[in-house]
Amino acid sequence: MFSKILVANRGEIAVRVIRTCQELGIRTVAVYSEADATALHTVLADEAVLIGPPPPTESYLRGDRIVEVALETRCDAVHPGYGFLSENTDFAEAVEAAGLVFIGPPPAAIRAMGDKVTARALMAEAGVPVVPGYEGEGSLDDFLAAARDLGYPVLVKAAAGGGGKGMRVVEREADLPAAIETARREAQGAFGDPRVYLEKYLPRPRHVEFQVLADQHGNVVHLFERECSVQRRHQKIIEETPSPLLDDDLRQRMGEAAVAAARAVGYVNAGTVEFLVDEERHFYFLEMNTRLQVEHPITELVVGVDLVKAQINVAAGKPLPFSQADLHQRGHAIECRVYAEDPANNFLPATGRVLRAVEPVGPWVRVDAGVTTGDTVTHHYDPMIAKLIVWGEHRLDALRKMAWALDHYIVLGVTTNIPFLQDIVRHETFRRGEVTTDFVERHFADWRLPDEPVPDEVLIAAALADLFEATASINANGGAPTGSGDPFSPWNQADGFRVGQRV
Ligand code: MV4
């Protein structure tokens with residue numbers, strides 16, 4: 001087993017990985033930017049190394065520097081989390097070339113799935129259904145002929161894209177040449193690769209993804225699905241499992257397809273196979289995310305597997321401790337993503353200092369947070385500051401618990417989407433489990449903050465925060481009411497001492 005792991009990430013996922021390492025008795029090294037000197041992940045790790053200024057390109061995306069740090073601190077493995085370098089083939093290769101273990105899939109599997117045209121071809125070959133389309137290497141006339149066969153509308157997608165980047169809908173033949181031209185130019189600019197391909201456009205699909213886990217000994221299992229249709233501009237907002245859409249038969253067929261997809265690229269470690277499900281309940285491979293995902297906790301709660309622990313064990317060469325027949329879904333889990341943004345103002349990212357964060361605590365309520373009281377949310381990083389995850393015996397039970405948990409989640413100082421989430425989980429369509437990928441656009445296009453009185457809890461918390469701040473500044477001055485502050489008081493330290501005391 002590894003004795004020390006470098007966590008090449010920040011925020012809640014870095015904290016998530018560090019906590020499991022602590023539990024397993026594995027030491028951790030955090031890397032951090034100048035903006036994260038007192039962040040939770042920096043404080044919680046056994047060692048922390050400053051890698052650069054706040055912009056990701058100068059810190060969390062500096063693969064070369066991160067590998068150096070891993071070697072200098074004598075780590076044996078690197079966990080990439082999600083985002084940043086997690087799906088960067090060059091980084092995975094550099095980690096391995098340095099004699100370290102990359103806690104993720106083989107670089108070849110990342111590369112194969114990163115190229116959507118290659119992935120589609122491999123999937124079709126492996127018998128995994130793909131959306132009818134055209135992997136165009138050909139001329140404009142070939143594209144036009146293929147689109148006519150597929151029938152309009154069609155989607156032009158970038159081969160190097162994914163997650164909706166560089167995608168455009170074309171309604172009629174007259175618009176196709178220009179759409180291809182623009183898409184090529186954009187793809188060249190964004191990915192350095194101008195290749196585009198066509199897919200038939202599926203109206204109002206649902207996004208259902210399957211968690212897979214594979215070891216180095218040829219064992220591949222799936223850990224069932226996650227329903228991820230509640231999203232806005234390709235950013236997921238609420239995920240749940242089981243999907244209200246699937247029945248046992250469809251679930252089994254999609255699960256088998258997900259396992260076949262993983263096998264087709266020689267997959268090892270945790271991964272996610274994304275499918276679109278159309279109105280006739282046909283399913284199609286969309287793409288594979290070759291990393292741990294944000295929404296992994298709902299699978300953990302319903303299937304009873306710690307996915308980070310599994311990732312570490314698999315990367316260390318251990319066989320999976322279960323087979324497909326051992327895995328079952330029990331109850332229902334829902335995740336809400338808490339974003340520092342203003343849903344009443346075009347979802348503008350919100351920044352500032354979190355004066356007070358009071359997280360709901362109760363049976364089967366989990367909060368994975370990367371930001372806590374006193375931390376500053378900057379514009380440099382993803383606005384997701386926490387994930388609220390609940391488990392219930394059945395869907396209605398989980399929905400009730402989520403409504404309760406949102407009502408008891410207090411964040412002061414930074415605007416969040418919590419009131420927006422409260423309205424979604426109470427929405428009739430959502431409660432019926434009838435969401436498609438256009439749900440938010442369709443029902444929440446001009447959402448406004450409800451005109452309700454501020455709850456007592458919030459007023460009390462605000463008053464306490466105020467008092468707390470005032471007391472802190474009095475203590476810092478040895479009893480004087482206000483002033484510049486005692487440089488030796490722990491309240492005035494910027495080195496994380498206070499954060500470390502709180503957790
Ligand atoms: C599609 C589609 C309809 N038809 N492909 C968006 C993200 C990227 N991974 C693929 N996406 C889509 N591909 C075909 N052939 C509709 C979407 C889509 C979508 C997919 C999943 C979740 C949310 C979405 C929101 C808008 C469009």
Side-chain angles (χ1 to χ4, degrees), residues 82-83 87 113-121 123-124 128-136 143 146-147 149-171 176 179-180 183 186-187 190-191 195-210 225-241 243-246 254 258 261 271-291 293-295 335 337 347 424 429-430 433-445:
Y82 53 69
E87 294 182 282
M113 287 299 187
D115 182 335
K116 308 305 164 188
V117 170
T118 305
R120 269 178 61 91
M123 293 306 109
V128 178
V130 296
V131 187
Y134 171 64
E135 282 79 44
F143 272 91
D149 285 347
L150 292 169
Y152 287 85
V154 295
L155 268 176
V156 182
K157 297 187 176 185
K165 276 176 276 177
M167 197 177 91
R168 48 180 20 88
V169 186
V170 181
E171 303 280 353
L176 189 62
I180 291 173
E186 277 180 13
F191 315 113
R195 289 173 304 136
V196 298
Y197 64 105
L198 296 182
E199 271 184 12
K200 175 146 188 72
Y201 178 69
L202 307 176
R204 306 191 66 209
R206 297 176 68 137
H207 174 142
V208 179
E209 59 186 32
F210 272 70
E225 80 278 10
R226 293 183 288 258
E227 167 71 58
C228 303
S229 297
V230 181
Q231 53 78 48
R232 190 190 149 267
R233 302 203 175 165
H234 307 302
Q235 192 176 55
K236 293 168 187 162
I237 303 173
I238 302 182
E239 303 96 346
E240 64 179 299
T241 185
S243 165
L245 176 79
L246 302 196
M254 291 178 76
T272 296
V273 184
E274 293 185 356
F275 296 102
L276 288 183
V277 183
D278 71 13
E279 282 160 319
E280 279 93 52
R281 298 164 60 84
H282 294 125
F283 70 90
Y284 307 92
F285 171 85
L286 197 55
E287 50 195 73
M288 181 169 185
N289 300 317
T290 54
R291 53 172 159 82
Q293 286 198 261
V294 175
E295 59 272 27
E335 172 180 278
R337 300 191 185 190
F347 297 86
I424 295 179
T429 307
F430 180 74
E434 288 171 4
V435 289
T436 49
T437 47
D438 63 352
F439 168 74
V440 176
E441 240 177 290
R442 189 178 266 245
H443 298 285
F444 293 86

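In what follows, every heavy atom counts, from backbone to side chain, and hydrogens, waters and symmetry copies are set aside. Whatever order the structure lists them in is the order used to number ligands and atoms, beginning at 1. Count residues from 1 along the sequence.
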Provide, line by line, the atom pairs where ligand 1 and the protein bring an N/O atom each to a distance under 3.5 Å; else say none.
{"residue": "ligand 1", "atom": "4 (N)", "partner": "L202", "partner atom": "N", "Å": "2.9"}
{"residue": "ligand 1", "atom": "5 (N)", "partner": "K157", "partner atom": "NZ", "Å": "3.0"}
{"residue": "ligand 1", "atom": "5 (N)", "partner": "E199", "partner atom": "OE1", "Å": "3.4"}
{"residue": "ligand 1", "atom": "9 (N)", "partner": "E287", "partner atom": "OE1", "Å": "3.0"}
{"residue": "ligand 1", "atom": "13 (N)", "partner": "K157", "partner atom": "NZ", "Å": "3.1"}
{"residue": "ligand 1", "atom": "15 (N)", "partner": "E199", "partner atom": "OE1", "Å": "2.9"}
{"residue": "ligand 1", "atom": "15 (N)", "partner": "K200", "partner atom": "O", "Å": "2.7"}

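Closest of all the heavy-atom pairs between K236 and E274 is NZ-OE2, 4.2 Å.
Judged by distance alone, with hydrogens and angles left aside, the side-chain atoms of D278 form a donor-acceptor pair with the main-chain N or O of H282 at under 3.5 Å.
A cation-pi arrangement is not found for R120 relative to Y197, the charged atom failing to lie both closer than 6.0 Å to the ring centre and inside a 45° cone about the ring normal.
Taking OG1 of T272 as the reference point, atom CD of E225 lies at 12.5 Å (rounded to 0.5 Å).
For F439 and F444, the ring centers sit closer than 6.0 Å to each other.
With sequence neighbours excluded, the residues that form a side-chain contact (heavy atoms from CB on, under 4.5 Å) with E87 are I110, N289, T290, R291.
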